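Proteins get letters first, then strands, A, B, ... in listed order; numbering begins at 1 in each. Keep in mind the model is a prediction, meaning the values are calculated, not measured.
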There are 2 protein chains.
Amino acid sequence: MQTFDTVEELHEFVELLLHRIDQRYTAGRRAVVELLASSERPLSISDIEARVPEIPRSSAYRHLSDLQRAGVVGRIAASDEFARFEMAEDFLHHHHHLLCSSCGQVIDVTPTRAFERTVARMVDELTAEQGFRATSHALDVIGHCTNCQH
Amino acid sequence: MQTFDTVEELHEFVELLLHRIDQRYTAGRRAVVELLASSERPLSISDIEARVPEIPRSSAYRHLSDLQRAGVVGRIAASDEFARFEMAEDFLHHHHHLLCSSCGQVIDVTPTRAFERTVARMVDELTAEQGFRATSHALDVIGHCTNCQH
DNA sequence: GGTTGTAATGAGACTCATTCTCATTCTATC
DNA sequence: GATAGAATGAGAATGAGTCTCATTACAACC
């Protein structure tokens, strides 16, 4: 995992990752990265549009998919119909998601070290006999967030 | 979890669940249930269309969503853009998914009892401090299936 | 075994998140 | 600052999934 003391260090690393796939780090992409990096939770396209209205929808989608190709951003399928975007795990603590099935909100939760050791062991156990080669895992908890427990 | 000695017992239980939400168990719905119940893995709409071509797309979607409302069928978001459908957990052993990021295939894996006890404990741990009320969880392992490890 | 009210179905139109196109604008490099 | 290639914006196109509505099946009653 990467940690950054300043926003500039973050941008430098993003730029490196983009350069690796022959992409420039332009103002629009910067704006998207800055928004995602400063957000507590994964954002949908309309979240992004609301907070950075000067970026058109089609560009936002393209930026997100370029950043995803570069390994800067990750896309997650929530329980509603909208995709959410967040910084890739290299930029964040490894974490899991709580999906609210009432409002669609996605909440990040960071597991303890011990927790993750257990998950890793369990993933091995699950994949071993299938000859499946795991690259990552996602533990999603579905339920109702505080606001949605009437 | 329910277990069924005969297909008829399965159909009876499905019928009960549909009746609870004032729905009939018609031939089209039966065909969808029979297909899903006999499938090793979650199916996409095009899988379903390929195997039961006499059911039109719009009806298949409606059957699936009615069956989902009744608690007979579950919908899962795979790593590609297509939703997959499988029998709800009441009809299957509780299980998790291996998602192949090359071909999109979804493989079911059944965890051991001990495994699930651990997951349950971990889910509690994750949700406790958020005031989140968990109703279910999904542990997805992303990677490459045997066929896709060039 | 006909009638009648209601639910389910099929065909196709529609929606809307996402992707594509292409003309224009930016940017790196000389 | 000229040039070539890359990035962008606006809007068109795509396509999974949903909705509509006319038709068909079904259950309950006579």
Side-chain angles (χ1 to χ4, degrees), chain A residues 11-12 14-36 42-50 52-70 72-86 104-106, chain B residues 11 14-36 42-50 52-70 72-86 104 106:
Chain A
H11 285 312
E12 271 165 33
V14 171
E15 186 159 31
L16 173 66
L17 291 181
L18 280 168
H19 280 346
R20 281 194 190 150
I21 60 163
D22 294 314
Q23 293 288 309
R24 296 177 187 158
Y25 195 26
T26 59
R29 291 169 179 178
R30 249 170 206 272
V32 170
V33 165
E34 227 148 76
L35 175 57
L36 290 182
L43 300 178
S44 67
I45 272 285
S46 26
D47 294 335
I48 294 173
E49 198 173 38
V52 197
E54 62 273 20
I55 298 182
R57 211 163 251 257
S58 61
S59 299
Y61 273 114
R62 186 170 27 210
H63 291 151
L64 289 165
S65 102
D66 293 340
L67 289 166
Q68 189 180 18
R69 263 194 312 127
V72 176
V73 158
R75 177 186 306 229
I76 61 190
S79 46
D80 57 19
E81 68 201 288
F82 307 104
R84 315 274 157 144
F85 301 89
E86 65 181 357
Q105 185 186 202
V106 180
Chain B
H11 285 312
V14 171
E15 187 160 29
L16 172 66
L17 291 182
L18 280 168
H19 280 345
R20 280 195 192 149
I21 60 164
D22 293 313
Q23 293 288 308
R24 296 175 188 161
Y25 195 27
T26 59
R29 292 170 178 177
R30 250 169 205 272
V32 170
V33 166
E34 227 149 75
L35 175 57
L36 290 182
L43 300 178
S44 67
I45 273 284
S46 26
D47 293 335
I48 294 173
E49 198 174 39
V52 197
E54 62 273 20
I55 298 181
R57 211 162 251 256
S58 62
S59 299
Y61 273 116
R62 185 171 27 210
H63 292 150
L64 289 165
S65 101
D66 293 339
L67 290 166
Q68 188 179 17
R69 265 194 311 130
V72 177
V73 158
R75 176 185 308 228
I76 60 189
S79 46
D80 56 20
E81 69 201 288
F82 309 106
R84 315 273 159 144
F85 301 88
E86 65 182 356
V106 180

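- At D:dA6, none of the side-chain N or O atoms of A:Gln23 fall inside 4.0 Å of OP1 or OP2 (strictly under the cut-off).
- Nearest heavy-atom pair across A:Leu18 and A:Tyr25 is CD1-CD1, 3.3 Å.
- Side-chain atoms of B:His19 come within 3.5 Å of backbone N or O of B:Gln23 as a donor-acceptor pair.
- Take the nearest nucleotide of DNA chain D for B:Ala83 and for A:Ser59: the residue whose nucleotide is more 5' is A:Ser59.
- Scanning both residues, B:Leu67 and B:Arg29, for their nearest heavy atoms gives CD1-O, 4.3 Å.
- Per the geometry, CZ belonging to B:Arg84 stands 15 Å off C1' belonging to D:dG17, to the nearest Å.
- Look at CG on B:Asp22: it is 14 Å from P on D:dA27, rounded to the nearest Å.
- The two residues A:Gly28 and A:Ile55 make their nearest non-hydrogen contact at O-CD1, 3.7 Å.
- B:Gln68 places its CD atom 12 Å from the P atom of D:dG17, with the value rounded to the nearest Å.
- Across every non-hydrogen atom of B:Val72 and B:Leu17, the tightest pair is CG2-CD1, 3.8 Å.
- We find that CD of A:Glu54 is positioned 13 Å from P of D:dT8, with the value rounded to whole Å.
- Note that the first and last nucleotides of DNA chain C, 5' to 3', having any atom under 4.0 angstrom from a heavy atom of chain B are C:dA7 to C:dG12.
- For B:Glu49, the salt bridge (Lys or Arg N to Asp or Glu O under 4.0 Å) partners are B:Arg57, not counting sequence neighbours.
- Following rounding to the nearest Å, B:Leu18 (CG) and D:dA27 (C1') show an atom-to-atom distance of 17 Å.
- Computed from coordinates, the A:Asp80 CG to D:dT18 C1' distance equals 16 Å when rounded to whole Å.
- For the OP1/OP2 pair of D:dT8 and a distance below 4.0 Å, the side-chain nitrogens and oxygens of A:Thr26 include at least one atom meeting the criterion.
- Counting only heavy atoms from C-beta on, B:Arg24 has its side chain closest to D:dC26 among D:dA7, D:dC26, D:dA16.
- The distance from the CD1 atom of A:Ile76 to the CZ atom of A:Arg84 is 8.0 Å, given to the nearest 0.5 Å.
- Rounded to 10 degrees, the angle separating the terminal axes of the helix from C:dG1-D:dC30 to C:dC30-D:dG1 is 30°, with each axis obtained from five end pairs.
- In this structure, B:Arg29 reaches the sugar-phosphate backbone alone: every heavy-atom distance under 4.0 Å involves primed, P, OP1 or OP2 atoms, never a base.
- To the nearest angstrom, P of D:dC26 lies 14 Å from NE2 of B:His19.
- Here the closest heavy-atom approach between residue A:Leu35 and residue A:Ile48 is recorded as CD2-CA, 4.0 Å.
- Note: CZ (A:Phe82) to P (D:dA16) measures 18 Å, nearest angstrom.
- Looking at A:Arg75, its side chain never comes within 3.5 Å of a backbone N or O of A:Gln68 through a donor-acceptor pair.
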